[in-house]
Amino acid sequence: MSTGDKAYSVPLYTTSNGCPVRNPNAMIKMGKFGPALLQDHHLIDLLAHFDRERIPERVAHAKGSGAHGYFEVTDDVSDLVYADFLNGIGKRTPLFTRFSTVGGEKGTADSERDPRGFAIKLYTQEGVIDWVNINSPIFFIRNGVQFPFLVHTQKSRDPQTNLKDVNVYWDFLCNNPESVHNVMFVFSDRGTPATYRNMHGYSAHTYKWINKDGEFHYVQIHLKTDQGIKNLSNDQSHALKADNPDHAGQDLHESIDNGDFPSWTCYVQTMTSEQAEKAKFSVFDLTKIWPHSEYPLRRFGKLVLNRNPLNYFAEVEQAAFSPANTVPGIEPSADPVLQARLFSYNDTHRHRLGPNFNQIPINCPLQAHSPFQRDGQGCVNGNYGSEPNYPSSYHPLNYRLDASNNEAHEKWVGEATSFQWAATSNDYDQALALWEVFKKTGQKDAFLYNISDNLKSARTDVQDRVFKLFGKVSSEIEEAVRKATLKVSPRK
Ligand code: NDP
């Protein structure tokens with residue numbers, strides 16, 4: 001509201017403890033030009049808070065933009081899931097979404113070639129559930145323990161020089177060839193979406209949906225953009241890094257400001273446990289998609305973004321998403337990368353925002369009552385007053401008893417063993433299928449240009465290893481990547 005607005009009442013400026021300040025530009029000094037005095041509380045209060053303005057940036061997904069909106073159920077899926085917010089056509093659930101790049105630091109360009117995060121926090125009547133989607137249906141790794149190695153090599157800087165190193169980037173990918181399917185996605189033009197509004201979102205992980213009879217299905221969620229897929233070319237993405245590094249955040253903000261609300265149609269793919277046992281791939285393998293022809297998409301909802309945040313730090317920077325946040329009827333699968341994320345995401349928030357991060361308004365559930373979590377830094381919810389801080393016989397609580405108590409679950413048997421899910425020759429069929437999609441849809445040349453433009457900066461021994469990586473998928477791709485790379489990076 002501007003000061004020209006009659007309804008605006010000019011607030012009284014005070015220190016953080018509420019003491020009115022005469023002149024915010026003045027300091028208490030010994031004489032006009034002498035040293036400053038420690039008793040100048042306005043100065044000390046201001047500087048001390050300024051010194052603490054930054055919280056740690058996210059190790060991954062540091063650069064992001066967010067918006068509020070809603071999810072609406074459009075089709076009945078009650079045969080699949082009893083989660084309250086997914087039952088009842090027309091039912092709406094408020095949500096907050098944060099889009100991001102993965103590898104970029106907080107100030108880097110929105111147009112970087114990188115996966116995009118598409119995290120959604122749904123404030124349901126039964127708690128907050130977060131859908132921590134990305135814009136690809138797959139990911140580079142399937143061993144959860146490798147998450148830090150992936151991020152160190154794809155985003156971090158050399159420990160000595162603090163420079164990014166394309167050789168390290170490719171070294172990790174060549175050592176873990178199951179990554180090649182996602183490498184192909186990222187080096188197609190879908191690796192540089194034109195805006196956040198013009199890309200799909202995928203759960204990529206498998207989750208479990210449980211119905212009212214206690215039966216479960218494995219599911220994958222797809223959010224298809226209603227704006228249509230639009231991508232930047234490699235050259236456009238490079239140019240935008242200099243011209244407007246915040247272009248995607250700006251586009252999101254302006255489109256919502258203009259009343260042009262972006263939306264996505266939500267679909268689910270399902271598999272019974274019997275189907276999963278017969279599938280050619282493991283449903284817990286994050287490097288694999290579920291082919292549409294065998295596991296068709298079933299529509300169940302719509303997601304609309306219609307309100308911009310009022311304050312970036314409060315709402316976007318402090319938004320704390322985690323796949324561990326779920327509601328009755330929806331559970332994680334045994335996907336090893338998902339299992340690692342279940343711990344790592346909330347652990348990051350405890351580090352960045354403190355143990356009471358769920359009390360911050362953007363993270364706060366519609367209702368929560370967890371009096372056994374007490375005290376700690378930043379507790380602002382009254383700390384449950386005089387309630388007991390253990391399950392007390394004298395002050396009982398209600399516990400939810402329903403279908404979730406008699407669900408059918410997987411039965412796991414085995415030895416505790418150290419296991420790396422290494423690549424085998426059976427791991428490359430889907431990467432080859434994507435190559436066929438590129439050829440059929442005229443995306444092959446862009447893929448070859450994009451990858452050669454990146455590889456031209458790598459050492460020749462690294463280039464040779466990357467050619468061999470693609471050779472695992474097919475000799476046709478290996479030859480095509482070699483030819484395109486040597487054209488822009490001729491050998492002496
Ligand atoms: P289909 O042959 O039924 O459809 C091809 C899929 O590829 C569509 O979902 C299409 O998305 C998507 N696609 C088109 N261009 C690209 C690109 N540059 N990068 C990534 N995806 C693209 O798919 P299948 O299920 O038989 O799978 C064939 C291959 O397609 C897979 O191996 C996988 O690599 C890829 N794919 C499959 C998905 C799945 O969930 N099954 C999802 C996304 C990709 P759109 O409809 O928006 O054009």
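Everything quoted here is computed from the prediction, not taken from an experiment. In each ligand, atom 1 is the first atom listed, and ligand 1 is the first ligand listed.
Electrostatic pairing of Arg459 and Asp171 does not count as a salt bridge here, judged by no charged N lying under 4.0 Å from a carboxylate O. A salt bridge does not link Lys63 to Glu112: none of the charged nitrogens lies less than 4.0 Å from a carboxylate oxygen.
For ligand 1, the protein residues within 4.0 angstrom (heavy atoms only) are Pro137, His181, Phe185, Ser188, Arg190, His200, Tyr202, His222, Lys224, Ile289, Trp290, Pro291, His292, Gln430, Ala433, Leu434, Val437, Phe438, Gln443.
Cation-pi contact between Lys288 and Phe281: absent, since separation from the ring centre below 6.0 Å together with deviation from the ring axis within 45° is not met. Cation-pi check for Lys91 over Phe85 is not met; the charged atom does not lie both under 6.0 angstrom from the ring centroid and within 45 degrees of its normal.
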Can you list, pair by pair, the side-chain donor-acceptor contacts under 3.5 Å of residues 413-423, counting residues two or more places apart and other chains?
none

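The shortest distance between side-chain heavy atoms of Leu223 and His200 does not fall below 4.5 Å.
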